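Small disclaimer: the values here were computed from a predicted structure and weren't measured.
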2 protein chains.
Amino acid sequence: MSEPDWNDIRIFLALFRGRSVRRAAENLDMSHSTVSRHLTDLETSLGAVLFTRSRDGLLATDMAERILAKAEAVENDMIDLTRTAVSLDSVMSGPVRVTCPPLLSQIMIMPMIAEFTKRYPDIEVSVHSSYSFEDLMRGTADIALRSQFDPNDNLVGRRLPDFTDYTYASKDYIGDHWFEGDATNANWLGRGGSDAHNKWIKQTPFPNASVRHDFPDMMDQAQAAAAGMGMTVLPCYYGDQLPNLVRVPGTQPVSKRPIWALTHPDLRTSVRIKTFLRFLVTEISKQEAQITGELGVDT
Amino acid sequence: MSEPDWNDIRIFLALFRGRSVRRAAENLDMSHSTVSRHLTDLETSLGAVLFTRSRDGLLATDMAERILAKAEAVENDMIDLTRTAVSLDSVMSGPVRVTCPPLLSQIMIMPMIAEFTKRYPDIEVSVHSSYSFEDLMRGTADIALRSQFDPNDNLVGRRLPDFTDYTYASKDYIGDHWFEGDATNANWLGRGGSDAHNKWIKQTPFPNASVRHDFPDMMDQAQAAAAGMGMTVLPCYYGDQLPNLVRVPGTQPVSKRPIWALTHPDLRTSVRIKTFLRFLVTEISKQEAQITGELGVDT
DNA sequence: AAGTCGTGGTCGATATTTGCACCATATCCC
DNA sequence: GGGATATGGTGCAAATATCGACCACGACTT
């Protein structure tokens, strides 16, 4: 009696074409049990039996035959609808200017932008590495990825998964400097520059280890660590994917940094900006496990 | 880009017509939050912005306007489909013969059959009160409702919610015979007939209470109890709905009896039988709370 | 006759979705 | 200015749907 679930029409079509619950389930990429349950749902809501279950698969009833044409009409209209949507959205054109911290842009954001421009070829995306909010406030950028968010700044934003940092070193380095689970004579790689006194080491698992070398750029530092020159702290979505680096055994996350995708309130209504922002958030959320470091090391 | 959820088209239409998330939600009988979430889902899966959220409700974008026609086409096809299903299924005709215990048929099953025949006017339903399986085995009945099920009998069936029995008496009777939560001088109503020695009383909360009168028919007994002549045990789906009866305070369920809807394996493929069986199971499941006595007394 | 493969159906642990109670905001009205 | 009443959005507990491992049955093969 209740209205039929429109999704069940897809299932009906798959059942009709597959002539078996299991084949239909495979085509629909579901388990055969949920397909079976949806079939009974549809049958009860229509008040009619669509298939008689027999020894080798399903046999369509008269009712199923008659409904088929209507179901295919629904399907065609849906195909039509999605096609107009995806074809028309390429009308969207114009610039989208993103600003984000350097490492983030190189490692994570660029592939996403590549995907985005493939889908919306007439949108011109530009990326500018920076840590400040000025771009956004001054109107030289539309979207900013930042790890600080002060609501007073009159910006709107969505919070993304927290970026987690771990301690990394090369496998060989750990083999040479670890003895029964303890570090012996291990060293950090210096970050130089503004943090010349290396205060950050105080918050690590090895606050008394010595500091050697000086690599302000984080990617340089990662390469140095991979080459066995010492320990370093990296976002795990980056460190985990580098082949020669491993998390230093027995250590916990060094820090968790919140990340926001921010934009100016005036731009919230822009279809172009909104589309990009939504795309970005979806893509980043897909990699939540990598970002928060939930999973162990996988190669 | 994942395929759009077909149900989201209904939501899109409701949104377009309601011009606000909350109004659409009301028409769809959902909460505004899930409508909002589904809108975002649809927009991301289409890769397009359908509405700009503004101060007073939603404003349809160009894209929404263009998609509207297609969405309405889908809707019309769906309406068409359900209409053919509902009109064609009245082609189903022939007899369905049900057998079930007397009380069940009168109190619970008859209204359902009335509903069923309204929906399928050409199906002739006949009900025969009986406790035995013979009808089913001999082929004089198609469907049996029974509280015993021996798989050896070569029958197929579905289990329904357990029927729960409670102890009932009239409000006045309890007022007269109860003192600080204890029964004083209360009596059972005799069932007579085969159970002349009233062994069933042993399993009740008042095994030593006296027995008066003699009413073999359960509906007579219920009426006698409602008139204040004593206590009796009734299925709670029946006792709870009688205006003058209440569950005797402080008592637990006296018994729980499983119920099966059974049919002969040969009949399983019959569209007519299957439709009826499915209808019955759905309707009875709706009243699960009343049958198992989960809820307190409501009038 | 026994084993294997395919069919649909069933049940319980797990994921996902939903609804609810909030929040921030904007408009209108007094 | 200060409610009062709209709007859409969000975090969390509860309801719901999903999966996957089973079962029973029938049709083949061995």
Self-check item: Ionic contact status for B:Arg10 with B:Glu75, cut-off 4.0 Å
Solution: no
Practice problem: Could you tell me whether A:Arg19 contacts a base, only the sugar-phosphate backbone, or nothing, with contacts defined as non-hydrogen atoms closer than 4.0 Å? | Solution: nothing
Quiz item: Any salt bridge between A:Arg17 and A:Glu26, counting N to O under 4.0 Å?
Solution: no
Quiz item: Just checking B:Arg159: base, sugar-phosphate only, or nothing, at a heavy-atom cut-off of under 4.0 Å?
Solution: nothing
Quiz prompt | Parallel, tilted or perpendicular, as decided by the 30° and 60° cut-offs, for the rings of A:Tyr237 and A:Phe163 | solution = perpendicular
Quiz item: Taking NZ, NE, NH1 and NH2 as the nitrogens, is one of them in B:Asp165 or B:Arg257 under 4.0 Å from a carboxylate oxygen of the other?
Solution: yes
Quiz item: With a cut-off of under 6.0 Å to the ring centre and 45° to the axis, is B:Arg146 in cation-pi contact with B:Trp260?
Solution: no
Quiz item: Is the backbone N or O of B:Ile259 less than 3.5 Å from a side-chain atom of B:Ser147, with the two atoms forming a donor-acceptor pair by type?
Solution: no
Practice problem: Could you encode protein contacts along nucleotides 10-26 of chain C as a string, one character per nucleotide from 5' to 3', using B for base contact, S for sugar-phosphate-only contact and - for no contact, with a heavy-atom cut-off of under 4.0 Å? | Solution: B-------BBBB----S
Quiz item: Stepwise, does the side chain to side chain contact (heavy atoms under 4.5 Å, CB included) test hold for A:Thr99 with A:Leu145?
Solution: CA-CA 6 Å; A:Thr99 167; A:Leu145 296 177; over 6 Å; no
Quiz prompt | Contact boundaries on DNA chain D for chain B, cut-off under 4.0 Å to non-hydrogen atoms | solution = D:dT7 to D:dG11
Quiz prompt | Carboxylate-amine/guanidinium proximity below 4.0 Å for B:Asp80 and A:Lys70 | solution = yes
